[in-house]
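All of these numbers come straight from a predicted model, not from anything done at the bench.
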Amino acid sequence: MKQFLKKIQTEDWVVVAASTIILALTLICPQWMPQMPALLVEGEDFIKAGLMFLFVAAITVICQCLLGRKKPFRVVLPLVAVFVISLLAQVVSQIGIVKEYGFEAVFFSVIFGLLIRNVWHVPDWMKPAIQGELYIKIGVVCLGATILFNDVMKSGMYGLLQACIVILCVWFTAYFISRRFGVDQSTAMILSSGVSICGVSACITASKVAGGDDRKLSYIISLVLIIVVPMIYLMPWLARTILPLFFDDAQTVNEIAGAWIGGTIDTTSGVAASSEMLGDVAQSNAVIIKATQNVLIGVVAFFIALYMSAQTGDGKRRMPSPAIVWEKFPKFIIGFVLASLVFSLFQMNDLFVLNGSETKIAKTMSTVFFSLAFVCIGLDTRLKDIISKENRRPLWAFLLAQTFNIVFTFVIAVVLFGLLKN
């Protein structure tokens, strides 16, 4: 029994346990779950922030206890500082002009963490709360509850077909380009997942599966969130300029435009903002296509994990046995898949009356833990690591892969939604 407990006393299994607590509470008593305030203006906003901190602190302490850490409560005081920084990032991301440009809270979490680490210094008392990997994994599992298989059904055969074709072709093309530019294997997998699936969430998931460097992960996420800004305005302009040259029907043009935007812009918020400029039809199609791609995060993560389990210590390939796959497979991905499956089944079979609030709460929890994680990454990263010469290669690989994504997804959207569907 002791040996069994020792085997499951790992961070991945502890993350699954902690995330199960969060998601179970979300299903059982959603009305009692804490909320993250958008702004800090009224007294009620500060109360919400305080309740959210207490919830996050409780989950963190539970994780410390399950991991067998001594003095688990010593993490609470330094966590106050990390939480305040993440809260500030959340508030800044909700400012009108910032929100309009599509910058997310995780971007500012990294920036604020980097500023503190590089302009001043991180005091010793704060270091126990710098647990970026733990928070990222909890965020990934909570993210699974927001990815519902019903979204695939909404997009129909053409949406699912586009998502599969685009992810498959763009992922391998981006990976090939990255490797040709001399990008290391794990970073290439993170970059490819971000370009082909859905930006931040896919990057984070792929990084934890592929064993990527957190510093390089934060760099790629920064690229995603910066490049998405001009794309929000560029894509509608391209759609209005190019598509009427090929199609006369406005409905068809909007459907293709939505599919094109949904398949190329790397953040869900960016997709919604960009497609809104083209009307309801384009926006609906774009958001559904993006949601369909999001569902496939777990599939891609599984195959990355399977591939990585076949690697030996010297980088050579071997035939992965079930035991080796199980040993090396990141267990928190099991939590991600189960969360998606359970929430999807509950919604489809009315086992719980899901009115949308439960998935919104899960999304809030995912965002909160991601934001905490990237504050920690920023606090643990020297700025010269981010702007080093070796990071120029991922930059050029990302830009070239995104260009291919735009052109290839245009062709697929035209064929599926312009020629076959209509």
**OP:** Could you please spell out the steps behind the side chain to side chain contact (heavy atoms under 4.5 Å, CB included) verdict for Val375 and Tyr135?
**Re:** CA-CA 10 Å; Val375 170; Tyr135 293 135; over 6 Å; no

**OP:** Evaluate the criterion side chain to side chain contact (heavy atoms under 4.5 Å, CB included) for residue pair Leu23 and Leu27; output intermediate values, then yes/no.
**Re:** CA-CA 6 Å; Leu23 297 179; Leu27 286 173; 5.8 Å; no

Subject >> Stepwise side chain to side chain contact (heavy atoms under 4.5 Å, CB included) check, Met365 with Lys360 >> reply: CA-CA 9 Å; Met365 290 298 163; Lys360 287 179 182 177; over 6 Å; no

**OP:** Please test Leu243 against Phe410 for side chain to side chain contact (heavy atoms under 4.5 Å, CB included), starting from the C-alpha separation and ending with a verdict.
**Re:** CA-CA 10 Å; Leu243 290 175; Phe410 171 78; 3.6 Å; yes

Subject >> Chi angles and distances behind the side chain to side chain donor-acceptor pair (under 3.5 Å) call for Glu44, Gln35 >> reply: CA-CA 11 Å; Glu44 185 180 354; Gln35 301 174 9; over 6 Å; no

**OP:** Could you please spell out the steps behind the side chain to side chain donor-acceptor pair (under 3.5 Å) verdict for Tyr219 and Thr187?
**Re:** CA-CA 10 Å; Tyr219 175 74; Thr187 304; over 6 Å; no

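The only option from Ile242, Val414, Ile265 that meets the side-chain contact (heavy atoms from CB on, under 4.5 Å) definition with Trp260 turns out to be Ile242. Considering Asp249, Asn254, Asp248 as possible partners of Thr252, the one that fulfils the side-chain hydrogen bond (donor to acceptor under 3.5 Å, both in side chains) test is Asp249. Each of Ser371, Ser93, Ser86 was checked for a side-chain hydrogen bond (donor to acceptor under 3.5 Å, both in side chains) with Ser109, and the lone residue meeting it is Ser371.
A heavy-atom distance below 4.5 Å is not found between the side chains of Val415 and Tyr158. For the pair Arg240 and Met235, the minimum side-chain heavy-atom distance is 4.5 Å or more. Side chains of Asn405 and Val166 form a contact here, defined as non-hydrogen atoms less than 4.5 Å apart. With a 4.5 Å cut-off on side-chain heavy atoms, Phe417 and Gln162 count as touching. Residues Gln90 and Met36 have side chains in contact (heavy-atom distance under 4.5 Å, counting atoms from C-beta outward). Side-chain contact check for Leu191 versus Tyr175: every heavy-atom pair is 4.5 Å or farther apart. Residues Val253 and Phe246 have side chains not in contact (no heavy-atom distance under 4.5 Å, counting atoms from C-beta outward). Contact check for Phe108 versus Leu88: no side-chain heavy atoms found under the 4.5 Å cut-off.
Remark: the backbone N or O of Val183 is paired with a side-chain donor or acceptor of Arg179 at under 3.5 angstrom. Judged by distance alone, the side chain of Thr20 and the main-chain N or O of Val16 form a donor-acceptor pair under 3.5 Å. Under the 3.5 Å distance criterion, the side-chain polar atoms of Lys290 are left unmatched by any main-chain donor or acceptor of Asn285. No donor-acceptor pair under 3.5 Å is formed between the side chain of Ser207 and the backbone N or O of Cys203.
When the shell of 6.0 Å around CZ of Phe404 is examined, it contains more than 12 heavy atoms from other residues, nucleotides or ligands.
Of the inter-residue distances, the one linking Ile22 atom CD1 with Phe55 atom CZ reads 5.0 Å to the nearest 0.5 angstrom. Going from atom SG of Cys63 over to atom NZ of Lys137 covers 11.0 Å, rounded to the nearest 0.5 Å. Here the straight-line distance linking atom CG of Leu372 with atom CZ of Phe374 works out to 11.5 Å at 0.5 Å rounding. Interatomic distance, CG of Leu379 versus CZ of Arg117, reported as 9.0 Å (0.5 Å rounding). Taken from CD1 in Ile304 to CH2 in Trp171, the straight-line distance is 5.0 Å, to the nearest 0.5 Å. Here the CD1-CD1 distance, from Ile220 to Ile227, works out to 12.5 Å after rounding to the nearest 0.5 Å.
Between Thr264 and Gln402, the closest heavy-atom pair is O-OE1, 3.6 Å. Heavy atoms only, all atoms of each residue included: Asp45 and Pro37 are closest at O-CG, 3.4 Å. Counting all heavy atoms, side chain and backbone alike, Ala239 lies closest to Ala257 at CB-CB, 3.8 Å. Closest of all the heavy-atom pairs between Val76 and Phe53 is O-CZ, 3.8 Å.
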